[in-house]
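This report refers to the structure that appears directly beneath it.
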Amino acid sequence: MPQSMNPDHQNNKETTPKVRIAAYPGSFDPVTCGHLDIIRRSAKQFDRLVVAVLNNTSKNPLFSVEERKELLREATKDLPNVEIDSFRDLTVRFMRSKGADVIVRGIRSVTDFEYELMLASTNHQLDKDIETVFMMTNPKYSYLSSSIVKEIAQFDGEVHDLVPPGVEIALKEKYRERKAQQ
């Protein structure tokens with residue numbers, strides 16, 4: 001009997017599994033080894049991971065959005081399912097534009113959790129189809145933040161264990177330029 005005539009054929013239609021797309025939004029000013037740990041682990045969990053640089057107008061970043069995107073591209077070039085992008089809007093709108101339904105957030109401490117829970121609840125209120133997944137930071141990076149890295153680099157401290165090599169070079173160049181301008 002041809003498949004089109006087989007009544008069971010209509011009930012057994014092959015379906016393509018849904019591609020799982022997640023986004024990891026943040027300022028990444030600059031990207032640290034802690035961020036990269038979350039990116040690498042998340043890339044294993046999802047078919048596609050969009051690392052989204054937030055263009056936050058309330059902050060005065062060290063690196064421009066384009067510089068941060070380029071530093072992230074360099075640091076993640078070995079991860080084929082990672083895309084680098086930026087946005088200046090509500091996170092849920094960015095998520096919809098990318099077809100993503102999961103927000104990845106790294107948690108270093110209880111303080112982080114309280115803040116991230118508030119954000120996750122707000123995002124869920126804005127779009128019930130978007131979930132937030134919290135990933136615990138590797139304990140060796142639990143103290144690490146972009147702010148700490150910038151402060152160390154500003155005073156010529158060693159950051160090679162805290163950031164990818166390209167970021168270390170970019171930090172040194174950025175602070176060398178600033179010192180020359182003073």
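What you see is a predicted model; the values in this text were computed from it and never measured.
Under a hydrophobic clustering in which Ile, Leu, Val, Met, Phe, Trp and Tyr are joined whenever their side-chain heavy atoms come within less than 4.5 Å, directly or via other members, Ile152 and Ile169 fall into different clusters. In terms of hydrophobic clustering, with Ile, Leu, Val, Met, Phe, Trp and Tyr side chains grouped at heavy-atom distances under 4.5 Å, Val50 and Val92 are assigned to different clusters. Residues Ile130 and Val104 are members of separate hydrophobic clusters, defined by side-chain heavy-atom contacts under 4.5 angstrom among Ile, Leu, Val, Met, Phe, Trp and Tyr. No continuous path of ILVMFWY side-chain contacts below 4.5 Å connects Ile21 to Val82, so the two sit in separate hydrophobic clusters. Ile148 and Val163 fall within the same hydrophobic cluster, defined by Ile, Leu, Val, Met, Phe, Trp and Tyr side-chain heavy atoms under 4.5 Å apart, directly or through other members.
To the nearest 0.5 angstrom, Leu72 atom CG is 12.0 Å from Glu83 atom CD. Rounding to the nearest 0.5 Å places OG1 of Thr76 at 9.0 Å from CG of Leu49. We find the CG-CD1 distance between Asn123 and Ile103 to be 4.0 Å, quoted to the nearest 0.5 Å. Here the CG-CD1 distance, from Leu79 to Ile84, works out to 8.5 Å after rounding to the nearest 0.5 Å. Atom CD of Gln154 sits about 10.5 Å away from atom CG of Leu171, to the nearest 0.5 Å. Note that the CG atom of Asp89 and the CE atom of Met95 stand 13.0 Å from one another [nearest 0.5 Å].
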### Query
Given the rule in the side chain to side chain contact (heavy atoms under 4.5 Å, CB included) test, do His124 and Thr132 qualify, once you have shown the distances and angles that lead to the verdict?
CA-CA 8 Å; His124 190 71; Thr132 300; over 6 Å; no
### Task
Assess whether salt bridge (Lys or Arg N to Asp or Glu O under 4.0 Å) is satisfied between Glu66 and Lys69, documenting all intermediate values.
CA-CA 5 Å; Glu66 286 307 314; Lys69 286 170 56 177; 3.4 Å; yes
#### Entry: Test log, rule side chain to side chain contact (heavy atoms under 4.5 Å, CB included), inputs Leu144 and Val149
CA-CA 7 Å; Leu144 188 56; Val149 167; 3.6 Å; yes
### Query
Checking side chain to side chain contact (heavy atoms under 4.5 Å, CB included) for the pair Phe87/Leu54: CA distance, chi angles, key distance, verdict?
CA-CA 5 Å; Phe87 71 106; Leu54 175 60; 3.8 Å; yes
#### Entry: Audit row: Thr137, Tyr143, side chain to side chain contact (heavy atoms under 4.5 Å, CB included) steps and yes/no
CA-CA 10 Å; Thr137 300; Tyr143 66 93; over 6 Å; no
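Proximity of Glu74 to Pro164: side-chain heavy atoms (C-beta onward) are nowhere separated by under 4.5 Å.
Taking a cutoff of 4.0 Å between a charged side-chain nitrogen and a carboxylate oxygen, Arg20 and Asp101 qualify as a salt bridge. Between Glu70 and Arg73, at least one side-chain nitrogen of the basic residue sits less than 4.0 Å from a carboxylate oxygen of the acidic one, meeting the salt-bridge criterion.
Other residues, nucleotides and ligands contribute over 12 non-hydrogen atoms within 6.0 Å of the CG atom of Asp78.
Legend: salt bridge (charged side-chain N to carboxylate O under 4.0 Å, His left out) pairs involving residues 102-121, not counting sequence neighbours, sorted by first then second residue: Arg105-Glu116, Arg108-Asp112. Applying the salt bridge (charged side-chain N to carboxylate O under 4.0 Å, His left out) test to every pair with at least one member in residues 122-148, sequence neighbours left out, gives these pairs: Arg96-Asp127.
Nearest approach of Ile107 to Phe113, heavy atoms of both residues: CD1-CA, 3.9 Å. Of all heavy-atom pairs spanning Ser86 and Phe94, the tightest one is O-CE1, 3.8 Å. The two residues Ala153 and Val159 make their nearest non-hydrogen contact at N-CG1, 4.0 Å.
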Please list every donor-acceptor pair under 3.5 Å in which a side-chain atom of residues 27-39 meets a protein atom from a residue at least two apart or in another chain.
| unit_1 | atom_1 | unit_2 | atom_2 | d |
| --- | --- | --- | --- | --- |
| Asp29 | OD1 | Leu62 | N | 3.4 |
| Asp29 | OD1 | Phe63 | N | 2.9 |
| Asp29 | OD2 | Leu62 | N | 2.8 |
| Asp29 | OD2 | Lys150 | NZ | 3.0 |
| Thr32 | OG1 | Gly34 | N | 3.2 |
| Thr32 | OG1 | His35 | N | 3.2 |
| Thr32 | OG1 | His35 | ND1 | 3.3 |
| His35 | ND1 | Thr32 | N | 2.9 |
| Asp37 | OD2 | Arg41 | NH1 | 2.8 |
| Asp37 | OD2 | Asn138 | N | 3.4 |

